[in-house]
Amino acid sequence: MYPAVKYLAYASRRLLATLSLILMAVWSQALNAQTGKEALAEKAIAQAESLPRLHTLLAAHGGEPFIEYAAPGQSLNRPANIKSLSKLVISALVGIAIERSVIEGVEQPVTELLADERIPDGADPRIHEIRMKHLLIMQAGLERTSGPYYAPWIASDDWIAYVLTRPFVDEPGGRMLYSTGNTHLLSAALTDSSGRDTHTLASAWLGAPLDIRIPPWTRDPQGIYLGGNNMALSPRALLTFGELYRQGGIHDGERILSEDWIAASWTPYTRSEFNSDLYGYGWFITQLAGHITYYGFGFGGQRLYVIPSLALTVVMTSDPTPPSPGQVYMQTLDALVKEILIPDVEKSSLDKP
């Protein structure tokens, strides 16, 4: 029996040694992952702190936040004016409306969806050629109501009539003319076709299922919620919205948005003359550090980036008050993602499917 006992003792020691090595490897891997995570956060937060206008920076990998920065006095949970990031929400609502057969599809003329009294007398007949898709991809052909044209539009007593009576500077389906008036027409079309205002739709179709708060925002003189500007969402709510797209339209196992709509939204149809990036249904499309990146932006530095190849979603909110910080600031925000977040996520053990 002695040799057997001796062998069992030897085998036990070998087993313990093996288990010890395995545990050490697991512990080392976990430590390295944590170290990489902390280093990533420190580097990005240091850059964020160097940008006085930046209010928040929130980044998630695989749905798990790993950077949660808020400047003094700011909050990741408090709604902030997301400016033109609102266009992404309006686009999502159009997709849901089509899925629910409230709207026939993107080829439907917008004037078929608007109440008759919204169509101004004397408008150019070509307005009946403007399809929902033209509005989504900024190809309505009408003179813009953004930039230097925004203030006169908002000062008018009928925002829909004002947009529809702008002169045509191109044909419907022509070049990209970025205009918030286009998304305001979408908001009116959603309201008139559904019988419910855009805020009610946003709360029912996105807010409730995503468990995010969408407060009421600016309305036009006729009571239509402004399509494409001045909506308020918290950075965490924006992250949840971005994750909905990254996850193919599913949240907590529930289908919220059609996968086909997301694919269509991320298909390039036009190109911006301001930054040369491609444009889908409210989403800009570019490459950052070799990765296809879908993003939305709002005046003053409001950003939402979704990078599916890295399972990375990034939210930034900034001081939206004029004067605008300009293109250099926008490039700085892009660089934070391109030069800090993406390379470090690629190298770290955070990069898991």
Side-chain angles (χ1 to χ4, degrees), residues 83-88 90-91 94 106-192 198 217-231 268-284 296-300 322-324 326-327 330:
K83 296 294 184 179
S84 283
L85 283 180
S86 311
K87 292 177 173 64
L88 302 182
I90 297 296
S91 172
V94 172
V106 296
E107 297 300 332
Q108 188 170 11
V110 65
T111 53
E112 288 185 3
L113 296 166
L114 296 174
D116 291 342
E117 62 268 20
R118 298 202 196 280
I119 310 301
D121 295 334
D124 190 311
R126 284 177 291 178
I127 64 171
H128 301 293
E129 300 174 19
I130 300 172
R131 304 183 184 278
M132 295 293 281
K133 184 175 182 178
H134 294 149
L135 300 174
L136 287 163
I137 61 179
M138 302 295 176
Q139 286 186 322
L142 295 166
E143 181 183 79
R144 299 170 60 232
T145 54
S146 289
Y149 307 97
Y150 186 81
W153 171 46
I154 296 300
S156 71
D157 57 7
D158 188 330
W159 297 1
I160 299 298
Y162 188 95
V163 172
L164 291 175
T165 53
R166 292 306 86 206
F168 276 89
V169 294
D170 204 339
E171 294 301 314
R175 72 184 189 276
M176 179 181 179
L177 296 162
Y178 186 89
S179 177
T180 300
N182 290 340
T183 34
H184 192 56
L185 290 179
L186 292 175
S187 180
L190 285 164
T191 298
D192 290 349
T198 310
W217 66 99
T218 305
R219 294 193 194 209
D220 73 8
Q222 284 66 47
I224 301 296
Y225 278 94
L226 175 53
N229 196 14
N230 287 348
M231 187 182 292
Y269 302 101
T270 54
R271 186 182 294 275
S272 169
E273 65 181 29
F274 297 109
N275 60 16
S276 297
D277 285 345
L278 298 167
Y279 194 70
Y281 292 170
W283 292 84
F284 288 87
F297 76 80
F299 178 87
S324 169
Q327 193 62 28
M330 305 306 171

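Between the side chain of D170 and the backbone N or O of R175, at least one donor-acceptor pair lies under 3.5 Å. For the pair Q139 (side chain) and E171 (backbone), a donor-acceptor distance under 3.5 Å is absent. T198 contributes a side-chain N or O that, together with a main-chain N or O of S187, makes up a donor-acceptor pair within less than 3.5 Å.
Contact between G280 and I137 at its shortest, heavy atoms only, is O-CG2, 3.5 Å. Smallest separation of non-hydrogen atoms from Q222 and W159: OE1-N, 3.9 Å. In terms of heavy-atom proximity, L177 sits nearest to L142 at CD1-O, 3.8 Å. The two atoms that bring G296 and L88 nearest to each other are CA-CD1, 4.0 Å, heavy atoms only. The heavy-atom pair separating T183 from G228 by the smallest distance is OG1-CA, 3.7 Å. Contact between R118 and P120 at its shortest, heavy atoms only, is O-CD, 3.2 Å.
Note that the CZ atom of F168 and the CG atom of D124 stand 5.0 Å from one another [nearest 0.5 Å]. Between atom CG of residue L113 and atom CG of residue D192 there is a gap of 8.5 Å, rounded to the nearest 0.5 Å. Atom OG1 of T191 is separated from atom CG of L186 by 10.5 Å, given to the nearest 0.5 angstrom. From K87, atom NZ reaches atom CE of M138 across 5.0 Å, with rounding to the nearest 0.5 Å. A distance of 10.0 Å separates OG1 in T165 from CD in E143, rounded to the nearest 0.5 Å. To the nearest 0.5 Å, the span separating CE on M176 from CD on E273 amounts to 8.5 Å.
Sorted by first then second residue, the ring pair (Phe, Tyr, Trp, His ring centres under 6.0 Å) pairs that include residues 109-149, not counting sequence neighbours, number zero.
Side-chain contact between N182 and I130: absent, with no pair of heavy atoms (C-beta onward) separated by less than 4.5 Å. Counting only heavy atoms from C-beta outward, the side chains of S86 and W217 never approach each other to under 4.5 Å.
Remark: aromatic rings of W153 and Y150 are close, center separation under 6.0 Å.
Here the rule is side chain to side chain contact (heavy atoms under 4.5 Å, CB included) with Y281, and of V106, V94, L135 only V106 fits it. Considering I224, N229, I90 as possible partners of H184, the one that fulfils the side chain to side chain contact (heavy atoms under 4.5 Å, CB included) test is I224.
Side chains of S179 and S146: no donor on one and acceptor on the other come within 3.5 Å. No side-chain donor-acceptor contact under 3.5 Å links T180 and T145.
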task: Run the numbers on N230 and K83 for side-chain contact (heavy atoms from CB on, under 4.5 Å), then give the verdict.
output: CA-CA 5 Å; N230 287 348; K83 296 294 184 179; 3.4 Å; yes
